[in-house]
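Quick note on labels: first sequence line is chain A, next is B, and so on, each numbered from 1. Hydrogens, waters and symmetry mates play no part in the numbers below; they use all other heavy atoms, side chains included.
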There are 2 protein chains.
Amino acid sequence: MSHSLGVRQAQKQKTRQALLDGALGLLEEQSLSSLGLREVTRVVGIAPTAFYRHFRDMGELGVALVEEALGSLHVMVRAILAEQDGAEERIDRTVAVVEQHVRRYPLHIRFVARERHGGVRAVRQAIAGELDRFAEEVAAALKTQPVSEGWCDDDVRMLAELYVDRLVMTAAALLDAEADGVEGAAGQVVRVARRQLRLISIGRRHWREEK
Amino acid sequence: MSHSLGVRQAQKQKTRQALLDGALGLLEEQSLSSLGLREVTRVVGIAPTAFYRHFRDMGELGVALVEEALGSLHVMVRAILAEQDGAEERIDRTVAVVEQHVRRYPLHIRFVARERHGGVRAVRQAIAGELDRFAEEVAAALKTQPVSEGWCDDDVRMLAELYVDRLVMTAAALLDAEADGVEGAAGQVVRVARRQLRLISIGRRHWREEK
DNA sequence: TAGTTCGGAGAACGGTTGTTTACTGGATGA
DNA sequence: TCATCCAGTAAACAACCGTTCTCCGAACTA
């Protein structure tokens, strides 16, 4: 396999990616359900009708964007879960990774936060499903940690969901803070997020001894 | 003051409310930035041009909806904070109130969850500001509780934000669960929410003794 | 009662939308 | 080399959009 793709398919994937990128850019300042097919093709520089060669409608493009956006998030979470330090170091590292991810993929974060409860059903479901797999992955990692000894699977899962939600919310808040341009707002968000994770971590350590 | 309002103004407020209600209904299945002016007036049963007698554009109507929706949320939170029972009873009561609120004002909840990160800047800012006042109110209530002794204001505030976010997320999840129609999904959400609040509550009790 | 105010109606505007149909020309594969 | 495929083009369609301007009639005010 000297060339994994023919010229034909390579070019097709190229304009497909251009459509995704163009749409993602436009979605910085509007939501998916108001994004027009013509608007996207205009930005990409192709004829409106060419859109149909790649997606049936904007909803399908949205679902493709979900896979792209949450794929990059998966990388982020794996980077966090790989750490084996103490609780405090892990928290600092977690928030730092989130911060860096927001700076690298701001449009992805914005898209996920916006369309998670957005107006397109198929996209909402795609995000929900992906975040679900996400929580499952986090739960599996939490389970291996010594602190989780004696925890039932349901409790680990609810903790994982708490973490995932918090990470997404923090990322969105961080994005808003940077967009507002208020000096120091981002730093404030980071410091609050650290303390919130710390409080959850404390609750986790004392979970078993209560009931 | 036998009649607080003339027939004129009363009728105006009536159709204004009809516009808000009509828009809110349409917003169940789409987002604000894709909602058309004509679409709303058509549902209400008035001429498109009459819209301008009440709002400059859809963004302004959105901001008005924010005030209406979060006004009802304020009532909910006050009901929660008024309780003076033990931690466990308060958690059960909190989740119950949220559950009942979701069932009474599903469209308001949907709107807030959707437009919190939505495509209309003015509406986003209105929601953010309202949730901020919200967190402040919760923080003030938390501060009076014995558990908060020795807490600095910043820490109380970060806890309040954690609670507010959690409540909004729970309400949205509850709404989705009921919309999906899966039997028992709502109950599952409620049980998870209770345990998450319990874990946060435990973290809160052991906060001071760490660090 | 006479004059004014104003919420709403109606028609018309230029512009944009999604989608269809027919077509072109270069990559593809026998 | 030659027939086939297929990503992208071009034109046309009816439907809808936000907005302006003009007018009406009922509620107000003096």
Discussion item. Could you go through A:Leu20 and A:Gln17, starting from their C-alpha distance and side-chain angles, then the distance that decides it, and tell me whether this counts as side chain to side chain contact (heavy atoms under 4.5 Å, CB included)?
Written reply: CA-CA 5 Å; A:Leu20 291 173; A:Gln17 189 60 44; 3.9 Å; yes

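Rounded to an integer number of Å, the gap from B:Glu39 CD to D:dG18 P is 8 Å.
At D:dC17, one or more side-chain N or O atoms of B:Arg42 fall inside 4.0 Å of OP1 or OP2 (strictly under the cut-off). Dashed line: the shortest gap from a side-chain N or O of A:Thr15 to OP1 or OP2 of D:dG8 is under 4.0 Å.
A donor atom on one side chain and an acceptor atom on the other are not found under 3.5 Å apart for B:Arg16 and B:Gln13.
A:Ser148 places a side-chain N or O within donor-acceptor distance of the main-chain N or O of A:Leu142, the cut-off being under 3.5 Å.
DNA chain D is contacted by no residue of residues 18-33 of chain A, taking any non-hydrogen atom closer than 4.0 Å.
Residue pairs satisfying the salt bridge (Lys or Arg N to Asp or Glu O under 4.0 Å) criterion with at least one member in residues 111-125 of chain B, sequence neighbours excluded, are listed as follows: B:Arg116-B:Asp165. Sorted by first then second residue, the salt bridge (Lys or Arg N to Asp or Glu O under 4.0 Å) pairs that include residues 175-189 of chain A, not counting sequence neighbours, are A:Arg103-A:Glu178, A:Arg110-A:Asp176. Screening residues 19-47 of chain A for salt bridge (Lys or Arg N to Asp or Glu O under 4.0 Å) gives no qualifying pairs among residues at least two apart or on separate chains.
Salt-bridge annotation for B:Glu137 and B:Arg133: absent, with no side-chain N of the basic residue lying under 4.0 Å from a carboxylate O of the acidic one.
Shown here for A:Leu26 and A:Val43, the closest heavy-atom pair between the two residues is CD2-CG2, 4.1 Å. The two atoms that bring B:Ala23 and B:Leu61 nearest to each other are CB-CD2, 3.6 Å, heavy atoms only.
Read 5' to 3', the first and last nucleotides of DNA chain C with an atom closer than 4.0 Å to a heavy atom of chain B are C:dT5 to C:dA12.
Under the 30°/60° scheme for interplanar angles, the aromatic rings of A:Tyr105 and A:His108 are found to lie parallel.
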Practice prompt. Let me have a per-nucleotide readout for nucleotides 19-30 of chain D, 5' to 3', with B, S or -, counting only protein heavy atoms under 4.0 Å.
Written response: BBB----BBS--

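Heavy-atom nearest nucleotides on DNA chain D were determined for A:Lys12 and for B:Leu35, and the one closer to the 5' end corresponds to A:Lys12.
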